[in-house]
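Note: hydrogens, waters and symmetry copies are ignored here, and every other heavy atom, side chains too, is used.
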Amino acid sequence: MQKDHFDAQQWQRYIELETGFVLPAVQLKWLKNAIDHTAQSHGLSVKQLWYQLPKSNALRQQLLDKVLIHESRFFRHQPSIDFVTQCAAAAEHQRLVLNADRISADGVSGVDKLFRIWSVGCAGGQEAWSLTMSLAAQQMTRFAILGTDVSEQALAKARLAQYDKRQQALIPQHCQPYVYPLSASRPTPTSSLADTAIPATALQASWQVAPTLQSHVSFALHNIIEKQPPTPHLQQVIICQNMLLYFRKFDQRDILARLSAQCAPGGYIVLAPGEALFWRPANMRRIANPQVNVWQKTNT
């Protein structure tokens, strides 16, 4: 690479190798700006940045944060949120029935597992918090939601759980009780955020997700092209929407196979409408639903 020369294909290949993301041509200007900004912030030329990336995980992560942060929004696809909420409600009802039967039989209650949901590519956390609000509005408490993303900066915003008025307007009325106005003195970020720059949009926030809900949600850095899952727990629902389109078809198949492996028998994988219609897994069946692209695990 010559000095001051931007080899778009070389950088596109690098991003794809690191994350699996295939950046479309319309994002090349965004990619160049991210590279220039990262290089300048460290007093490097683009050529020097290229050679420093393999030596510095922090530099690599900063570049990925600049390139791959994707905007999300609350209740982005309401039918999917409603479907997951109904699944959780059905599981809660079944748990209560099984517990009642067990108590009647031997006086011991033993069915008390959490309903687990994994939000893949969670970006700023809006999907995870939307699900949390929706489940809490139905008086459910036995659930755990994991949000994962390849961007540490996006996860910092998600963990902070603070958003602006524009985002609040997207939240349905029955979930508005879980919107808390921020006090004049902002809470100090937790230690997990101490080494991560908070996005400027978070600094403009006017409200936060109710603190009573925050114990249900955790966030983790995870690259979906890695074989190692982010958690040992099987999930009752895995929701992965509007992310697969950035991957090549053979990578999509590998990702879906990994998601299937993390899905509990009888659990569900929820994709965006129109996504991965080529998928024909032997251990999953597509659920007939006119609004939601959902698959159910039939066996292990």
Is there a path of hydrophobic side-chain contacts, each under 4.5 Å between heavy atoms of I, L, V, M, F, W or Y residues, that connects Y163 with Y180? no
For D82 and Q78, which I'm curious about, is there any donor-acceptor pair between the side chains at under 3.5 Å? yes
Under 6.0 Å from the OH atom of Y14, do we count more than 12 heavy atoms belonging to anything else shown? yes
Less than 4.5 Å apart, any side-chain heavy atom of W50 and any of D7? no
So Y178 and I171, do their side chains get closer than 4.5 Å, heavy atoms only? no
Show, in sequence, the C-alpha distance, side-chain angles and deciding distance for V209 and T132, and conclude whether the side chain to side chain contact (heavy atoms under 4.5 Å, CB included) test is met. CA-CA 10 Å; V209 177; T132 307; 5.9 Å; no
Are S206 and Q168 linked by a side-chain donor-acceptor pair shorter than 3.5 Å? no
Rounded distance [0.5 Å steps], CG in L49 versus NE2 in H42: 8.0 Å
Would you call E92 and R95 a salt bridge, using N to O less than 4.0 angstrom? yes
Using a 3.5 Å distance criterion without hydrogens, assess whether the side chain of S130 forms a donor-acceptor pair with backbone atoms of Q126. yes
Donor-acceptor pair, side chain of E275 and main chain of N242, under 3.5 angstrom: yes
Min side-chain heavy-atom separation L155-C122 under 4.5 Å: yes
Hey, does the side chain of K157 reach the backbone of G125 with a donor-acceptor pair shorter than 3.5 angstrom? no
Rounding to 0.5 Å, atoms CD (Q61) and CD (Q153) come to a distance of 9.5 Å
When hydrophobic residues are tied together by side-chain contacts of less than 4.5 Å, even through go-betweens, does V46 share a cluster with L23? yes
Run the side chain to side chain contact (heavy atoms under 4.5 Å, CB included) check on Q12 and Q27 step by step: do they pass? CA-CA 10 Å; Q12 281 178 297; Q27 290 191 7; over 6 Å; no
For the CD atom of Q62 and the OG1 atom of T38, what is their distance to the nearest 0.5 Å? 5.0 Å
Can you list the steps and then say if L131 with I239 is a side chain to side chain contact (heavy atoms under 4.5 Å, CB included)? CA-CA 10 Å; L131 290 164; I239 184 164; 4.1 Å; yes
In the single-linkage hydrophobic clustering (I, L, V, M, F, W, Y; side-chain heavy atoms under 4.5 Å), do V22 and L31 co-cluster? no
Is any side-chain heavy atom of P230 less than 4.5 Å from a side-chain heavy atom of L146? yes
Test H233 against W118 for side chain to side chain contact (heavy atoms under 4.5 Å, CB included), laying out the working first. CA-CA 10 Å; H233 299 291; W118 177 12; over 6 Å; no
My understanding is that only one of F115, W295, F83 makes a ring pair (Phe, Tyr, Trp, His ring centres under 6.0 Å) with Y268; could you say which? F83
Mutual orientation of the aromatic rings belonging to H216 and F143 [parallel < 30°, tilted 30-60°, perpendicular > 60°]: parallel
Parallel, tilted or perpendicular: ring planes of Y246 versus F21, cut at 30 and 60 degrees: parallel
Give a yes or no on this: more than 12 heavy atoms of other residues, nucleotides or ligands lie within 6.0 Å of atom NE2 of H37. no
Heavy-atom donor-acceptor pair, Q296 side chain to G266 backbone, under 3.5 Å: yes
Donor-acceptor check, side chain of Q262 to backbone of T231, threshold 3.5 angstrom: yes or no? yes
Does any N or O in the side chain of W207 come within less than 3.5 Å of the main-chain N or O of D164, such that one atom is a donor and the other an acceptor? yes
Would you say the side chain of Q86 lies within less than 4.5 Å of the side chain of V84, judging by non-hydrogen atoms? no
Would a 4.5 Å heavy-atom cut-off, applied to side chains only, mark L64 and R60 as touching? yes
Should V270 and L234 be regarded as members of a common hydrophobic cluster, given that ILVMFWY residues are connected when their side-chain heavy atoms come within less than 4.5 Å of each other, either directly or indirectly? no
Using atom types as modelled and distance alone, determine if a side-chain donor or acceptor of R280 lies under 3.5 Å from a backbone N or O of L277. yes
Calculate, to the nearest 0.5 Å, the distance between atoms CE and OG belonging to M140 and S134 respectively. 7.0 Å
Would F219 and W129 satisfy ring pair (Phe, Tyr, Trp, His ring centres under 6.0 Å), going step by step from the backbone distance to the final call? CA-CA 11 Å; F219 295 97; W129 293 122; 5.8 Å; yes
Is there a side-chain contact between N293 and R286, using heavy atoms and a 4.5 Å cut-off? yes
For the atom pair CG (L160) and CD (Q208), what is the distance rounded to the nearest 0.5 Å? 8.0 Å
Separation of F75 CZ from E127 CD (nearest 0.5 Å): 11.0 Å
Find out whether T19 and V67 are in side-chain contact, i.e. whether some heavy atom of one side chain is under 4.5 Å from a heavy atom of the other. no
Under 3.5 Å, is there a donor on one side chain and an acceptor on the other for R116 and Q236? no
Any donor-acceptor pair under 3.5 Å from D149 side chain to A123 backbone: yes
Are L59 and L63 connected in the hydrophobic side-chain network, where two residues link if heavy atoms are under 4.5 Å apart? yes
Is a side-chain donor or acceptor of T298 paired with a backbone partner of N283 at a separation under 3.5 angstrom? yes
